[in-house]
Amino acid sequence: MIVVNGNEYPFKEGVSLLSILKEHNKSLFKEAIVAKEDDKLIDLSTLVSDGVNYTVFTAESPEGLETIRHSAAHIMAQAVKTLLPEAKVTIGPVIENGFFYDFDVENPFTPEQIQKIEKEMKKHVQANYEFHRTVMSRDEAVKHFEALGEIYKVEIIKELPEDQNITFYKQGDFIDLCRGPHIPFSGRLKAFKLLNAAGAYWRGDEKNRMLQRIYGTAFSTKEELDQYLNFLEEAKKRDHRKLGKELDLFSFQKEGVGFVFWHPKGMTLRNQLIQFWRDLHEESGYVEINTPIILNKELWIKSGHYANYKENMYFTQIDEMEHAVKPMNCPGCMLFYNTSLHSYREFPIRVAELGLVHRHERSGTLHGLMRVRQFTQDDAHIFMLPSQITTEIKGVVNLIETIFKKLGFSDVNVEISTRPAKFIGNIEDWDTAEAALKQALDELNYNYEINEGDGAFYGPKIDFSIKDSLNRRWQCSTIQLDFALPERFDCTYIGEDGKKHRPIMIHRAIYGSIERLIGILIEEYAGKFPLWLAPVQMKIIPVSSEKHLEYSQEVYKRLKNSKFRVELDDRGEKLGYKIREAQLSKVPYMLIIGDQEVENQTVAVRHREHGDLGSMSLFDFFEKLSSEL
RNA sequence: GCCUACAUAGCUCAGACGGUAGAGCACCUCCUUGGUAAGGAGGAGGUCACCGGUUCAAGUCCGGUUGUAGGCUCCA
């Protein structure tokens, strides 16, 4: 007997899972993509063994979808080889929303070629080739691919363990090295699209040859594919670079590549975020400092940045002495710490700094507000006793939670990075610190991933990332322990025993970069900022710019005096026109003032999303606003 | 930095074959004083990113530079 998806079938020697389905379960047979034996994904062509429990997946399952995408990459490679036989194939994995395949070709792919490749793929799908799995020995495999001139495959095979059987998949006359599993027939690939092409280094190493990568995606149905393509379109509309221009928040100029020009409305966003941040930090027992953005080279040698981070730093001369523009705030804070003698009784000392830092990023990596060369970090350094680590980390995590909640982010990813191969300090300190980080997150019931060995050389860290509109993750908050800097700067405190000790120090940032955060917020809200952030909170629109002007100005003054960000549109345009403009500028409230409002001393409130809310007294409107803020 | 594509008015975009620039919106002026997403008329605005080449003639063809976009790499 064998079991498939809970149903028992008689066992027969030398029969594949697919044949079993074909015989006993026609509907599942038609939909089946891949299967699982215990925890191992297998092809449907696998011959069944007696007494085994199999699970068969359709395209609807994550396993099925991933297999479809993987096979789509192979079919794409097949199509490329059909059209360009001299192309050399490399690798073609599944990625978050699709797949790609890298080719070594003489000339980069043109959009027309991509179209042709897509058409060719459709032919291969139509042909409904069987994906045939074969096994070869290493030597056979190397010979096979050497004969074909597929040098990249040869390279990969040579790196596989000597004794390992190497599997191949053949569909039509195309054969590719692959661990599998794959869809049973190419016809099971029902909905796919090639998206774009780009250069990519072989093995991601810029010293290697640049290959040409084609990205594509595949879904279980045409509807889902269309839905995804639609999502990409929608995401484009939310792109912070587009909205930043439309809403006049900021700009970039060729005179300063990677440096943001903040326009008045963008400045309001910054200031609101900063004010919220300051209030919260003051409540949470932080002090705030500000340190210079230019400091001499000796400092950066001492901090280790000169040795480890020089490539990303800008240098300048002052009185013939070399100086650097700060890429980080920590050394300045160390100097501040050392300006006085500290006692363990003061601990923890929480020192915040909204520090303007400059980092040289390679030109090709710049991306709107998300990656720039000058940005403001909402930094803080906390000095403490070893026994205070967990409590302090928890304090920071709570602060992060409060802030993300206010900003409306729910999809936050948390990762702990532990001791790397190259590290400073002693292992006991690392172990204590890593345990403290985990304990803090555990006590707060956080789910997190662990990146073993991914910590900085100076200490372990917790990173928090959130998503932009295209589901790209951006790291914002970070909490990093640092064993190096207190040492390098000889920071000390006087302990209970009257002797000098080395304090524990953490760096932390919550917004990460104010620039990046605003970029993410623009996309998160699609430009419709909540009332507390909105650059303009309400616009007063008189029906007639003559008859209703006086009362409109009075309303304007009262709102202005109550510290609201209000504008009065007193142009001689028609009501519909002014509403349209206000609507497009995404102002939360429009206050329409006509004869009725003047007479009753009210305002007609229109909300950017809920439309006309009717007339109300200014007092009621204030009540409404305060309930929203 | 590397690969590819793109660069025309403030914005969004047209400009087959090379014959010295065009629309809509925005802006300015005038008319219109209009009740919940565009009232009308007129006007002004461009060294076609920059530098060089081919040509009688370059927005258009070629080369380079700069910037932008999508990736690679790197990171807040």
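Order of the sequence lines fixes the chain letters, A, B, ..., with proteins taken first and strands second; residue numbering starts at 1 for each chain.
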### Query
Think A/K245 has a side-chain N or O under 4.0 angstrom from the OP1 or OP2 of B/U12?
yes

### Summary
Of the candidates B/U36, B/A76, B/G70, the side chain of A/N196 sits closest to B/G70

#### Entry: Nearest to side-chain heavy atoms of A/A198, which nucleotide of B/G35, B/G71, B/A76
B/G71

### Message
Students often get this wrong, so: under 4.0 angstrom with heavy atoms, is A/V372 touching a base, only sugar-phosphate, or nothing?
### Response
base

### Task
Answer with yes or no whether the side chains of A/Q475 and A/R516 bring together a donor and an acceptor at under 3.5 Å.
no

### Task
Using the C1' atom on both, measure B/C61 against B/G42 and round to a whole Å.
40 Å

### Message
Does A/R362 contact B/C74 through a side-chain donor or acceptor facing the base, at a distance under 3.5 Å?
### Response
no

### Query
Would you say A/H360 reaches B/C75's phosphate, i.e. side-chain N/O to OP1/OP2 under 4.0 Å?
no

### Message
Using the C1' atom as the point on both nucleotides, what is the distance between B/A23 and B/U36, in whole Å?
### Response
30 Å

### Query
With both distances kept under 3.5 Å, what pairs with B/G46, Watson-Crick or G-U wobble?
none

### Query
Within the structure shown, what part of the strands sits under 4.0 Å from A/E246 by heavy-atom distance: base, sugar-phosphate, or nothing?
nothing

#### Entry: N or O in side chain of A/S363 less than 4.0 angstrom from B/G1 OP1/OP2
yes

### Task
Name the nucleic acid region contacted by A/G576, choosing base, sugar-phosphate or nothing; use a 4.0 angstrom heavy-atom cut-off, strictly under.
sugar-phosphate

### side-chain N/O A/R241 vs B/G70 OP1/OP2, d < 4.0 Å
yes

### Nearest-nucleotide comparison on RNA chain B, the residue closer to the 5′ end among A/R213 and A/E573
A/E573

### Query
On a whole-Å scale, what distance lies between the P atoms belonging to B/G63 and B/C6?
12 Å

### Message
Below the 4.0 Å mark, does B/A76 have OP1 or OP2 next to a side-chain nitrogen or oxygen of A/Q475?
### Response
yes

#### Entry: Evaluation steps, ring-ring contact (aromatic ring centres under 6.0 Å, His included), between A/Y589 and A/F621
CA-CA 10 Å; A/Y589 288 104; A/F621 181 56; 5.5 Å; yes

### Message
Taking A/K326 first and then A/E353, would you say they form a salt bridge - that is, a charged N and a carboxylate O separated by under 4.0 Å?
### Response
yes

### Task
Please state whether the phosphate of B/U4, meaning OP1 or OP2, lies under 4.0 angstrom from any side-chain nitrogen or oxygen of A/Y215.
no

### Query
How about A/Y215 and A/R213: does a side-chain donor come under 3.5 Å of a side-chain acceptor?
yes

### Message
Starting the side chain at C-beta, find the nucleotide from B/C2, B/G35, B/A38 nearest to A/Q596.
### Response
B/G35

### Query
Where the side chain of A/Y201 is defined as all heavy atoms beyond and including C-beta, which of B/G1, B/G67, B/G71 is the nearest nucleotide?
B/G1

#### Entry: Interatomic distance at P, B/A49 relative to B/G15, whole Å
15 Å

### Message
Can you confirm whether A/S513 sits close enough to A/I518 that some side-chain heavy atom of one is under 4.5 Å from a side-chain heavy atom of the other?
### Response
no

### Message
Taking the minimum atom-to-atom distance to the side chain of A/E361, which one of B/G67, B/G71, B/C75 wins?
### Response
B/C75

### Query
If pairing requires Watson-Crick or G-U wobble contacts with both distances under 3.5 Å, which nucleotide is the partner of B/C2?
B/G71

### Task
Starting from P on B/U32, measure out to NZ on A/K574 and report it in whole angstrom.
13 Å

## Note on the structure
Any strand, both distances under 3.5 Å, Watson-Crick or G-U wobble: B/C61 pairs with B/G53

### Summary
Output for pair (A/Q537 CD, A/R565 CZ), nearest 0.5 Å, gives 4.0 Å

### Task
Write down the distance separating the P atoms in B/G43 and B/G22, rounded off to the nearest Å.
14 Å

### Message
Taking only the C1' atom of each, what is the distance from B/G67 to B/C50 in whole angstrom?
### Response
10 Å

### Query
Does B/U29 pair with anything, Watson-Crick or G-U wobble, both distances under 3.5 Å, and if so, with which nucleotide?
B/A41

### Query
Counting side-chain heavy atoms from CB outward, which of B/C72, B/G1, B/U36 is closest to A/R606?
B/U36

### Nearest-angstrom distance, C1' atom, B/G40 to B/G46
27 Å

## Note on the structure
Pairing partner of B/G18, by Watson-Crick or G-U wobble and under 3.5 Å for both distances, is none

### Query
Across all strands shown, which nucleotide pairs with B/G24 by Watson-Crick or G-U wobble geometry, both distances under 3.5 Å?
B/C11

### Is_stacked (A/Y577, B/A37) at 5.5 Å, 30 deg
no

### Message
Under 4.0 Å, heavy atoms only, any strand: does A/A582 hit a base, just the sugar-phosphate, or nothing?
### Response
nothing

### Query
Using a cut-off of 4.0 Å on non-hydrogen atoms, how would the nucleic acid contact of A/D205 be classed: base, sugar-phosphate, or nothing?
nothing

### Criterion salt bridge (Lys or Arg N to Asp or Glu O under 4.0 Å) on A/R362 and A/E206, from CA distance to verdict
CA-CA 13 Å; A/R362 298 159 103 188; A/E206 59 189 301; 2.5 Å; yes

### Task
Measure from NZ or CZ of A/R69 to the centre of the six-membered ring of A/F219 and say whether it is under 6.0 Å with the direction within 45° of the ring axis.
yes

### Query
Can you tell which of B/G34, B/C27, B/G1 lies closest to the side chain of A/R571?
B/C27

### Query
Hey, does A/E597 reach any base, or is it just sugar-phosphate, or nothing, if we go heavy atoms under 4.0 Å?
base

### Span that lies between the P atom of B/C51 and that of B/U12, in whole angstrom
23 Å

### Query
What does A/G572 touch in the nucleic acid at a heavy-atom separation under 4.0 angstrom: a base, only the sugar-phosphate, or nothing?
base

### Query
Side chain of A/S544: nearest nucleotide among B/U33, B/A37, B/G35?
B/U33

### Task
Would you mind telling me which of B/A76, B/G35, B/A37 lies closest to the side-chain atoms of A/L584?
B/A37

### Task
State which of B/U36, B/G67, B/C3 makes the closest approach to the side chain of A/I579.
B/U36

